[in-house]
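Protein chains get the first letters and strands the later ones, always in sequence-line order, with residue 1 at the start of each.
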4 protein chains.
Amino acid sequence: MNFPLKVGVIGAGAMGADHVRTITTSVPAARVTAVFDPDTDRATAAAAPAQAAVLGAADELIASDQVDAVLIAAPDFTHAALALACLGAGKPVLCEKPLAVTAADALRVVEAEVSGGRRLLQVGFMRRYDPGFVDLRRTVTEGKIGDLRLIHAVHRNAANATNADDTGLITNSMVHELDVIPWLAASEITAIRVESPVQQGFRDPQLATIWLRNGVMASVEVFVNAGYGYDVRCEAVGTLGTVSLAAASPVSSRIAGVEGRVVRSDFVAHFADAYRVELGAWALAALAGTVTGPSAWDGYLAQAAAEAGVASLTSGQVVTVAPGERPSLY
Amino acid sequence: MNFPLKVGVIGAGAMGADHVRTITTSVPAARVTAVFDPDTDRATAAAAPAQAAVLGAADELIASDQVDAVLIAAPDFTHAALALACLGAGKPVLCEKPLAVTAADALRVVEAEVSGGRRLLQVGFMRRYDPGFVDLRRTVTEGKIGDLRLIHAVHRNAANATNADDTGLITNSMVHELDVIPWLAASEITAIRVESPVQQGFRDPQLATIWLRNGVMASVEVFVNAGYGYDVRCEAVGTLGTVSLAAASPVSSRIAGVEGRVVRSDFVAHFADAYRVELGAWALAALAGTVTGPSAWDGYLAQAAAEAGVASLTSGQVVTVAPGERPSLY
Amino acid sequence: MNFPLKVGVIGAGAMGADHVRTITTSVPAARVTAVFDPDTDRATAAAAPAQAAVLGAADELIASDQVDAVLIAAPDFTHAALALACLGAGKPVLCEKPLAVTAADALRVVEAEVSGGRRLLQVGFMRRYDPGFVDLRRTVTEGKIGDLRLIHAVHRNAANATNADDTGLITNSMVHELDVIPWLAASEITAIRVESPVQQGFRDPQLATIWLRNGVMASVEVFVNAGYGYDVRCEAVGTLGTVSLAAASPVSSRIAGVEGRVVRSDFVAHFADAYRVELGAWALAALAGTVTGPSAWDGYLAQAAAEAGVASLTSGQVVTVAPGERPSLY
Amino acid sequence: MNFPLKVGVIGAGAMGADHVRTITTSVPAARVTAVFDPDTDRATAAAAPAQAAVLGAADELIASDQVDAVLIAAPDFTHAALALACLGAGKPVLCEKPLAVTAADALRVVEAEVSGGRRLLQVGFMRRYDPGFVDLRRTVTEGKIGDLRLIHAVHRNAANATNADDTGLITNSMVHELDVIPWLAASEITAIRVESPVQQGFRDPQLATIWLRNGVMASVEVFVNAGYGYDVRCEAVGTLGTVSLAAASPVSSRIAGVEGRVVRSDFVAHFADAYRVELGAWALAALAGTVTGPSAWDGYLAQAAAEAGVASLTSGQVVTVAPGERPSLY
């Protein structure tokens with residue numbers, strides 16, 4: 001493929017529009033050439049910074065010879081079908097999480113990619129590119145905290161914006177932890193339990209307990225109405241020590257009796273670096289005809305764990321996660 | 001009673017000896033007049049800073065007219081009987097945790113105190129006097145974090161010194177959280193579950209999930225071989241915000257590429273302020289013929305929750321805690 | 001002298017009253033037996049927690065056989081004369097800083113003590129007992145930061161309460177740094193320069209540059225209308241690293257978009273531990289007939305440096321500090 | 001000019017090579033088309049990531065029709081002449097600091113640009129693009145700390161790499177503070193004094209006191225053999241509060257008794273974000289035929305202040321900075 005990668009973006013909501021801006025301002029290896037969204041005004045606005053064409057349909061965009069690779073930022077329920085279409089067209093694709101709304105659908109994407117024989121799809125688990133998570137994982141991997149025993153994760157939003165119901169906390173929010181925890185622990189989730197102190201109505205916050213194949217356990221708090229801001233924390237605990245994400249604000253002030261640091265209000269600002277690095281790495285790999293980040297299989301695993309979490313929230317029981325054999329492609 | 005309070009100390013191990021020193025150097029309202037320990041050399045050494053008498057038996061000490069009040073720092077299995085003897089003698093007593101090695105024994109102490117009709121016994125849950133925990137509770141109580149939903153607690157030791165087996169992590173270490181969490185939440189524990197990533201051998205670390213009557217949930221990690229130092233953390237999470245214990249080291253250094261703060265190595269140093277304030281408050285109350293801190297009932301509740309935790313660690317199930325009706329004395 | 005030390009307190013303002021409370025609640029080695037203040041109501045209120053006698057004159061208090069040792073917390077202009085009277089009576093004395101309002105007067109106290117042949121007077125530079133400053137000095141002394149080159153100090157109050165004019169910033173506030181910096185550096189001040197960005201009216205903040213005999217330099221900012229709170233910072237910079245006082249608040253909160261820690265509002269709260277340790281150490285030494293803390297000579301040196309600072313603020317020049325030979329008593 | 005900007009880089013040392021990489025990986029608005037360095041091997045290595053041409057001379061590069069804009073990263077003594085050549089060619093230029101090795105030479109560049117009638121030259125004071133400094137300045141500008149009174153800055157390197165002698169600490173290192181302090185205070189330096197605790201040999205560390213036209217004062221410490229790492233700190237102090245750069249490490253660990261955060265080892269890593277944002281902003285402005293960042297006049301002012309600082313270090317006196325009238329172009 002010729003440098004720079006010609007990227008078509010499907011979905012011009014907040015996430016899609018932000019990806020267009022990030023590629024345009026910060027990813028020389030790619031440029032956005034086409035945008036599709038059923039809402040044409042939105043598509044036009046998102047396309048503007050890139051002077052990209054606004055196309056009339058997703059399949060048109062996928063088929064276009066002005067599109068080398070596809071970025072899927074459309075509504076969740078469209079992900080699997082769009083991903084399959086991209087794989088069918090043999091084009092590299094970055095699919096925002098979740099890969100599909102059911103694990104069964106995600107598995108179909110996996111099978112399609114496996115039958116194609118090469119990796120083309122990356123799932124948008126951008127935390128794997130966040131400088132903090134990267135540092136945290138390196139500290140674990142280098143053995144500095146000894147043998148890993150526990151991971152504690154916290155994931156809070158100021159106010160719920162994206163979760164329509166209880167289960168959305170798991171499938172939309174916790175799904176990030178369901179990917180990043182196995183990645184940190186270099187293992188797979190085998191069981192999950194999700195509980196909440198709120199018994200009636202919208203069950204928020206939720207506490208998950210997670211078991212991994214290598215014996216590591218993890219605790220996760222998701223709280224989408226935490227009031228004070230957007231806050232993502234993670235600590236890995238080993239037999240020699242621990243390592244945690246640190247506060248991110250670049251300045252601190254002392255005003256009116258308080259030494260304070262700003263807590264960011266949303267994930268786009270918080271993970272701006274992660275998105276930028278993710279898109280850059282994806283573009284470079286796509287130019288070489290492949291992808292290297294979180295795979296369709298990872299997307300399927302996270303979805304399978306999320307479904308088990310939903311079942312657990314309903315039943316009150318520990319639910320095992322049995323994703324089947326990892327295909328040799330991954 | 002005449003100022004200062006004449007205190008007899010039973011048990012001259014590390015904790016007892018430290019209490020003698022703290023009273024002698026920092027608690028004008030009390031002085032240690034008598035010490036008993038079966039190991040007379042140890043008793044003599046502990047008594048020295050206070051120039052206290054070394055007595056030949058615990059009951060002699062309790063009965064002595066040179067002893068207004070008793071501090072029990074003897075081995076755990078002796079606590080209940082000694083506490084009962086002090087109550088029988090009508091003398092105020094500060095009993096190191098645990099109040100008893102079984103909830104049933106603790107309940108007998110409660111019943112004895114209730115039948116006496118006035119509070120004489122305080123359990124040595126010193127965290128309730130720690131400046132950090134006091135500030136944390138005040139922040140919650142003043143409503144600054146909104147309605148409390150969750151408490152996260154961590155309790156780590158560098159290396160196991162005091163727990164003979166798995167269950168000691170709960171009855172010896174986690175028992176502090178089993179007292180402090182209800183105190184922070186102003187409610188009672190109704191159920192507990194304890195699990196560990198370690199399935200065989202010494203089950204350390206352990207993760208507890210705790211349910212309180214008012215709907216608050218808590219997570220607790222106890223890890224007595226955490227390697228790096230002594231570390232106690234706590235975060236209360238509400239609907240408007242959160243409040244956490246902060247790092248305690250009074251200086252930070254930048255040496256050899258690291259900005260570092262010292263982590264304390266043991267709980268005596270970490271909670272030195274808490275012990276001092278606890279002993280001072282106890283002495284003042286005892287001079288007035290009563291006690292005001294954590295009660296025998298609190299000691300019984302913590303023990304009942306710990307027993308439920310032990311049962312849960314064994315069975316793998318959630319175990320309910322049903323302590324019965326709170327006597328009107330408390 | 002008999003245990004506990006019988007202390008007479010001269011001056012029942014905020015500082016004197018606080019010392020009575022601290023001794024009464026936290027210093028078993030001493031008890032306050034007598035209080036004098038020209039304002040009898042104030043004396044009575046201050047004496048109450050200790051059930052101390054209220055006496056009619058300072059010299060009566062100093063002479064009283066119910067007073068083993070004297071604590072001077074009266075207005076600054078009375079310090080030197082009262083200190084001389086205590087020395088004349090052969091009684092240990094803790095004199096709040098400053099030792100005198102002029103270096104010449106301070107030197108007279110030194111000479112009186114020297115002619116008596118033994119140390120009886122300690123100046124109330126309580127920072128030398130603050131856990132943070134003690135840790136900081138130990139880190140320097142143990143060589144962990146290599147050879148000391150620089151000290152940076154900051155001293156801020158929310159709003160000016162105690163300085164009547166420009167020079168009070170030096171003689172009342174900065175005088176603490178003028179004592180603690182030589183103590184940290186184990187050397188003596190040889191020159192000082194004081195400047196302010198404010199050229200007219202009340203010259204606040206002020207910046208001092210300080211030279212020490214061993215080649216170390218120090219910078220000091222004093223700002224008594226800093227608005228946000230009481231804040232004392234200090235960093236020692238060596239050839240291998242640096243060490244700084246760390247934030248002191250025991251909890252941190254996350255509320256309304258800010259991760260915050262409380263900044264204390266005044267020095268009494270900030271240095272409560274330091275005052276307690278100071279008074280305890282002074283009482284123990286006084287019981288043995290001497291004192292061990294900051295000496296009359298230290299008080300004279302700080303005063304001489306402060307006078308040089310005042311001269312510098314006026315002249316705009318570096319002013320040398322030439323205190324003369326250190327008597328062998330110190 | 002056509003998108004993307006075609007950039008020629010003069011100088012293929014560490015800084016130049018890093019700029020080529022940054023533009024290539026992170027600045028879509030530009031691409032490096034040409035590199036010149038007298039050391040052809042070095043030029044070839046630096047050009048590789050961009051597949052840029054290696055040219056035989058600086059003037060050839062400046063004149064090339066494959067070069068829209070020039071980035072000067074050659075040795076300091078060449079800056080002024082190269083900048084003049086770029087201005088003569090009417091091409092936008094980003095000149096690494098210092099703009100010239102003397103203020104007189106820097107002024108010649110200013111005069112050349114003024115005579116050309118439009119801004120074409122930006123000086124590489126990258127701190128103005130660092131997220132921390134940007135946040136700090138915004139906090140000041142928005143009035144959150146009240147009226148600015150003082151700025152404290154610290155600038156440390158682990159070990160001296162780039163300063164041949166004493167004066168290099170000012171002209172090479174402190175020059176960053178000499179630019180950023182006026183930028184933060186929105187004023188100009190009118191006088192400077194530089195001193196060192198080291199009287200003989202290499203005078204490191206150095207302490208500067210700086211006066212600004214609007215009455216603000218600043219203190220600066222530069223220490224190029226600080227041992228422990230690369231450390232840049234800054235605090236702005238106002239009448240309502242203060243704001244400081246915060247620690248930058250994204251994780252913290254607790255290992256072996258220390259809670260630690262990594263201190264970066266060099267400025268390239270520390271300011272990677274700043275360089276990326278700087279180059280992106282410069283490229284966008286250059287495409288529009290101008291520049292917007294720190295100007296030739298800013299470069300001249302910093303150089304004039306640095307020369308005054310050198311004179312002060314030699315003479316021991318305060319040296320005034322009188323740069324003359326600001327041309328209306330700036």
Working for side-chain contact (heavy atoms from CB on, under 4.5 Å), residues S26(A) and S26(D): CA-CA 5 Å; S26(A) 305; S26(D) 306; 5.6 Å; no
Chain A contact via A283(D) - which portion, at a heavy-atom distance below 4.5 Å: neither
Residue pair D273(A), D273(D): steps toward the side-chain contact (heavy atoms from CB on, under 4.5 Å) verdict: CA-CA 10 Å; D273(A) 269 359; D273(D) 269 359; 3.9 Å; yes
Non-hydrogen atoms of A246(A) and S249(D) that approach each other most closely: CB-O, 3.5 Å
Heavy-atom closest pair, residues I255(A) and T242(D): CG1-O, 4.4 Å
Side chain / backbone / both / neither for L284(A) at chain D, heavy atoms under 4.5 Å: neither
Taking every non-hydrogen atom, the tightest pair across P250(A) and P131(D): CG-O, 4.1 Å
Proximity breakdown for D130(A) and chain D, heavy-atom pairs closer than 4.5 Å: neither
Contacting moiety of A236(A), where chain D heavy atoms sit under 4.5 Å: neither
Most chain A-contacting option - heavy-atom pairs closer than 4.5 Å, from D135(D), I145(D), V262(D): D135(D)
Atom CZ of R31(A): over 12 foreign heavy atoms under 6.0 Å: no
Within 6.0 Å of CZ in F271(D), more than 12 heavy atoms from elsewhere: yes
Most chain A-contacting option - heavy-atom pairs closer than 4.5 Å, from S253(D), S252(D), G132(D), G241(D): S252(D)
Pairs of heavy atoms under 4.5 Å with chain D: top-ranked of T139(A), V134(A), T25(A): T25(A)
Minimum-distance pair of heavy atoms, taken over all atoms of V251(D) and L136(A): CG1-N, 3.8 Å
Residue Y129(D) excluded, over 12 heavy atoms near OH under 6.0 Å: yes
Atom CZ of R119(A): over 12 foreign heavy atoms under 6.0 Å: yes
Side chain / backbone / both / neither for R261(A) at chain D, heavy atoms under 4.5 Å: side chain
